[in-house]
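For reference, the structure discussed in these notes is given below.
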Amino acid sequence: MLNQKLPGISLINTTTMVEEAMVVRTRMNHENMTILNIAKDPHGPHLKLEVTLPDGKTVIRWGLVEADYSKLRDIVTHNHFDRLDGNYYYELVPFTGVNLDKAKGKQKFIASVRCVQGQKAAKIEFECTERFAGNMEWFRLEVKGLKDLESLRWENLK
């Protein structure tokens with residue numbers, strides 16, 4: 001009975017689906033974008049991110065506009081727990097949301113950062129620019145491996 005083909009149902013290769021799901025989960029896991037620094041240089045404001053993908057790790061420069069820089073700087077300099085010891089870090093969550101401000105008829109883009117300290121984590125949402133949201137979508141949908149980030153690698157930008 002188990003091997004009998006039912007009308008309208010086709011058999012699928014579950015091994016391939018599991019492997020693909022593992023790649024997608026790894027690629028879209030928020031832990032793959034650790035914020036190492038937020039700063040300004042002669043080229044403008046940026047994040048220094050350690051990115052982990054299925055084929056390895058790299059450090060990239062993620063350019064920011066002033067509005068996103070100031071919001072992210074405020075987030076990473078704020079204490080999100082009762083007490084923040086030296087064992088914490090921030091992750092850029094590679095998902096964005098859109099809210100429609102009906103009164104103004106405008107879209108508001110929302111991004112997230114996680115502050116992680118041991119077993120505790122705080123998700124901090126902030127309103128971001130459309131450019132930031134677009135870059136995050138590009139990362140989420142298009143970046144599959146380290147070669148996709150070659151032009152952003154930190155050591156290539158010196």
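This is a predicted model, so every value here is computed, not measured. Heads up: numbering here begins at 1 and tracks the sequence.
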Discussion item. Would you compute the distance between atom CZ of Arg140 and atom CD of Glu142 and round it to the nearest 0.5 angstrom?
Written reply: 10.5 Å
Item to complete: Not counting sequence neighbours, which residues clear salt bridge (charged side-chain N to carboxylate O under 4.0 Å, His left out) with Lys108? List them please.
Response: none
Discussion item. Taking the basic N atoms (NZ, or NE/NH1/NH2) and the acidic carboxylate oxygens, is any pair closer than 4.0 Å for Lys40 and Glu66?
Written reply: yes
Item to complete: Report whether Leu149 and Leu92 are members of the same hydrophobic cluster (ILVMFWY, side-chain heavy atoms less than 4.5 Å apart, transitive linking).
Response: yes
Discussion item. Would a single hydrophobic cluster contain both Tyr69 and Ile60, if residues Ile, Leu, Val, Met, Phe, Trp and Tyr are joined by side-chain heavy-atom contacts under 4.5 Å?
Written reply: yes
What pair of heavy atoms forms the shortest contact from [X] to [Y], and how long is it?
X: Ser112; Y: Phe126; result: N-CE2, 4.0 Å
X: Leu141; Y: Lys144; result: O-NZ, 3.3 Å
X: Tyr90; Y: Cys115; result: CE2-CB, 3.4 Å
X: Asp41; Y: His46; result: OD2-CE1, 3.4 Å
X: Ala133; Y: Thr96; result: CA-CG2, 3.8 Å

If we only count heavy atoms from C-beta on, is the [X] to [Y] side-chain gap below 4.5 Å?
X: Leu64; Y: Leu47; answer: yes
X: Glu91; Y: Val116; answer: yes
X: Phe139; Y: Val51; answer: yes
X: Leu36; Y: Val59; answer: yes
X: Ile35; Y: Tyr89; answer: no
X: Arg61; Y: Leu152; answer: no

Discussion item. Holding to side-chain contact (heavy atoms from CB on, under 4.5 Å), I want the full list of residues that pass it with Leu146, two or more places apart in sequence or in another chain.
Written reply: Leu53, Asp55, Thr58
Practice prompt. Sequence neighbours left out, what passes side-chain contact (heavy atoms from CB on, under 4.5 Å) with Thr129? Give chain and number order.
Written response: Val65, Ala67, Asp68, Arg131, Phe132
Worksheet item: Looking at Trp62, is Lys48 sitting on its ring face, NZ or CZ under 6.0 Å from the six-membered ring centre and within 45 degrees of the normal?
Response: no
Item to complete: Go through the steps for Ile75 and Ile38 under the test side chain to side chain contact (heavy atoms under 4.5 Å, CB included), then give the verdict.
Response: CA-CA 11 Å; Ile75 289 170; Ile38 182 166; over 6 Å; no
Item to complete: Check the pair Val113 / Leu72 against side chain to side chain contact (heavy atoms under 4.5 Å, CB included), numbers first and verdict last.
Response: CA-CA 8 Å; Val113 169; Leu72 284 164; 3.5 Å; yes
Worksheet item: Between Asn156 and Glu150, do the side chains contain an N or O donor and an N or O acceptor separated by less than 3.5 Å?
Response: yes
Worksheet entry | Atom CD of Glu137: over 12 foreign heavy atoms under 6.0 Å | yes
